[in-house]
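The structure appears right after this line, and notes come after that.
Keep in mind that this is a model prediction, so the values were computed, not measured. In what follows, chains are A, B, ... by sequence order, proteins preceding strands, each numbered from 1.
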Amino acid sequence: MNQADKKKTAAEILTRLGRRYPNPRPALEYTDAWGLLVATVLSAQCTDARVNQVTPELFRRWPSVADLARAEVADIEGLVRSTGFFRNKAKNLKAAAQIIAERHKGQVPRTMDELVELPGVARKTANIVLYNAFGVNQGVAVDTHVKRLAKRLGLSASDRPEAIEAELMALFPQPRWGEVNHYLVFLGREVCTARRPRCANCPLEDLCPKKGLA
DNA sequence: ATCCCGAGGG
DNA sequence: CCCTCTGGAT
């Protein structure tokens with residue numbers, strides 16, 4: 001497929017996934033940076049329903065960044081236990097809160113470099129916060145879902161994350177990179193799974209060179 | 001039993 | 001690159 005065809009495909013993918021996922025945002029209750037950061041960290045290996053139940057409890061108990069920075073890790077663990085990976089999450093959230101309180105005057109930083117310095121925050125989470133809370137199109141953050149989708153759809157043949165990101169960013173319009181990221185992650189999770197993709201349920205089936213395969 | 005919207009460490 | 005951390009949903 002040449003570049004022009006790929007772009008055409010990319011545009012079609014955007015329209016179709018836009019219809020399937022009308023609200024291209026994390027299904028989390030928070031849109032401010034701190035709330036979204038906490039909810040996103042908690043959402044690893046956990047359903048949105050549970051995150052949306054636990055996060056408000058956490059903010060009721062520790063309303064501000066400074067409050068969480070002062071909390072006992074054991075108390076945070078108790079509150080986030082049901083979300084999985086709870087020891088890592090509790091320790092990281094407290095440490096992140098401390099850094100934000102001390103180095104950033106209690107404000108969540110607005111750059112990728114500063115965000116990924118926070119414990120428990122890597123490019124994936126940072127990208128979600130940047131795009132959804134700050135409206136910054138830092139780019140497409142490749143995770144395993146995005147990588148798999150890009151390859152199956154024939155949009156990128158590379159295995160190198162930076163190369164895949166560059167190709168996707170060249171294919172999709174810049175203002176919508178954050179959406180692209182969200183769409184591909186969702187489609188990857190719900191439909192185009194690693195082992196047994198549910199092609200019959202895929203809005204992109206007819207565009208996919210790999211349909212029926214894994 | 002098996003899978004899962006991540007991050008960090010060896 | 002591979003492993004580990006965890007509970008919960010299916």
Side-chain angles (χ1 to χ4, degrees), chain A residues 17-18 20-31 33 35-55 57-58 73-100 108-109 112-133 138-152 158-165 168 177-198 201-203 214:
Chain A
L17 293 186
R20 187 179 185 102
Y21 305 111
N23 184 15
R25 314 196 145 264
L28 303 172
E29 287 182 356
Y30 296 86
T31 51
L36 189 58
L37 175 51
V38 171
T40 304
V41 167
L42 291 181
S43 74
Q45 211 67 5
C46 180
T47 61
D48 289 340
R50 188 158 298 274
V51 174
N52 285 333
Q53 168 191 342
V54 167
T55 315
E57 287 174 26
L58 188 146
V73 175
D75 292 335
I76 308 177
E77 285 183 359
L79 206 131
V80 304
R81 173 159 286 116
S82 68
T83 68
F85 298 158
F86 67 90
R87 273 183 262 266
N88 295 335
K89 288 175 180 175
K91 175 168 36 114
N92 288 338
L93 283 176
K94 176 180 162 81
Q98 285 177 309
I99 292 176
I100 294 171
V108 175
M112 177 63 82
D113 287 346
E114 291 171 306
L115 280 166
V116 297
E117 283 173 20
L118 304 172
V121 177
R123 289 170 47 80
K124 177 78 185 293
T125 300
N127 203 48
I128 290 172
V129 171
L130 284 170
Y131 184 69
N132 293 287
Q138 183 70 23
V140 176
V142 166
D143 65 357
T144 49
H145 293 297
V146 176
K147 191 194 282 192
R148 185 172 67 246
L149 271 274
K151 183 165 256 185
R152 283 183 181 162
S158 175
D159 281 314
R160 286 179 37 245
E162 314 83 45
I164 300 172
E165 288 175 9
L168 292 179
W177 286 342
E179 272 176 76
V180 170
N181 211 38
H182 181 78
Y183 289 152
L184 294 185
V185 170
F186 258 69
L187 191 70
R189 186 186 76 172
E190 297 177 358
V191 178
C192 198
T193 51
R195 290 195 333 110
R196 199 180 165 285
R198 302 161 173 77
N201 195 18
C202 182

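Here B:dC3 presents its C1' atom at 12 Å from CZ of A:Arg148, a figure rounded to the nearest Å. The distance from atom NZ of A:Lys124 to atom P of B:dA7 is 7 Å, rounded to the nearest whole Å. Spacing between atom CG of A:Asn181 and atom P of B:dG6 amounts to 11 Å, rounded to whole angstrom units. Atom CG of A:Asn127 is separated from atom C1' of B:dA7 by 15 Å (rounded to the nearest Å). We find that NE2 of A:His145 is positioned 13 Å from P of B:dC3, with the value rounded to whole Å. Straight-line distance from the CG atom of A:Leu42 to the P atom of B:dG6: 13 Å, rounded to whole Å. Taking atom CG of residue A:Asp143 and atom C1' of nucleotide B:dC4, one finds them 12 Å apart after rounding to whole Å. As a whole-Å value, the separation of A:Leu187 CG from B:dC4 P is 14 Å.
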Using distance only, find each side-chain donor-acceptor pair of residues 115-125 of chain A under 3.5 Å and give its atom names and separation, not counting sequence neighbours.
{"unit_1": "A:Glu117", "atom_1": "OE1", "unit_2": "A:Arg103", "atom_2": "NH2", "d": "3.3"}
{"unit_1": "A:Arg123", "atom_1": "NH2", "unit_2": "A:Glu165", "atom_2": "OE1", "d": "2.7"}
{"unit_1": "A:Arg123", "atom_1": "NH2", "unit_2": "A:Glu165", "atom_2": "OE2", "d": "2.8"}
{"unit_1": "A:Lys124", "atom_1": "NZ", "unit_2": "A:Asp143", "atom_2": "OD2", "d": "3.0"}

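Shown for residues 83-92 of chain A: residues whose heavy atoms fall under 4.0 angstrom of DNA chain C, namely A:Gly84, A:Phe85, A:Phe86, A:Arg87, A:Asn88.
Across the P atoms, B:dA7 and C:dA9 are found 22 Å apart, a figure rounded to whole Å.
The side-chain hydrogen bond (donor to acceptor under 3.5 Å, both in side chains) test applied to A:Glu114 returns A:Thr111, not counting sequence neighbours. Applying the side-chain contact (heavy atoms from CB on, under 4.5 Å) criterion to A:Gln45, with sequence neighbours excluded, gives A:Phe85. Residues meeting the side-chain hydrogen bond (donor to acceptor under 3.5 Å, both in side chains) test with A:Ser82, sequence neighbours left out: A:Arg50. Under the rule for a side-chain hydrogen bond (donor to acceptor under 3.5 Å, both in side chains), the partners of A:Thr83 that lie at least two apart in sequence or sit in another chain are A:Lys89. A search for side-chain hydrogen bond (donor to acceptor under 3.5 Å, both in side chains) contacts involving A:Asp159 returns A:Lys151, not counting sequence neighbours.
Heavy-atom distances to DNA chain C give each of A:Arg50 and A:Ala44 a nearest nucleotide, and the one nearer the 5′ end belongs to A:Ala44. The nearest heavy atom of DNA chain B to A:Val116 and to A:Cys46 marks one nucleotide each, and the one closer to the 5' end goes with A:Cys46. Along DNA chain B, the nucleotide nearest A:Gly188 and the nucleotide nearest A:Leu118 are compared for position; the residue whose nucleotide lies closer to the 5' end is A:Gly188.
With values rounded to the nearest 0.5 angstrom, A:Arg81 atom CZ is found 4.0 Å from A:Phe86 atom CZ. How far CG of A:Asn132 is from OG1 of A:Thr31: 9.0 Å, rounded to the nearest 0.5 Å.
Between chain A and DNA chain C, the heavy-atom contact criterion of under 4.0 Å yields a 5' to 3' nucleotide range of C:dC5 to C:dA9.
Applying the side-chain hydrogen bond (donor to acceptor under 3.5 Å, both in side chains) test to residues at least two apart or on different chains, none of the pairs has a partner in residues 90-99 of chain A.
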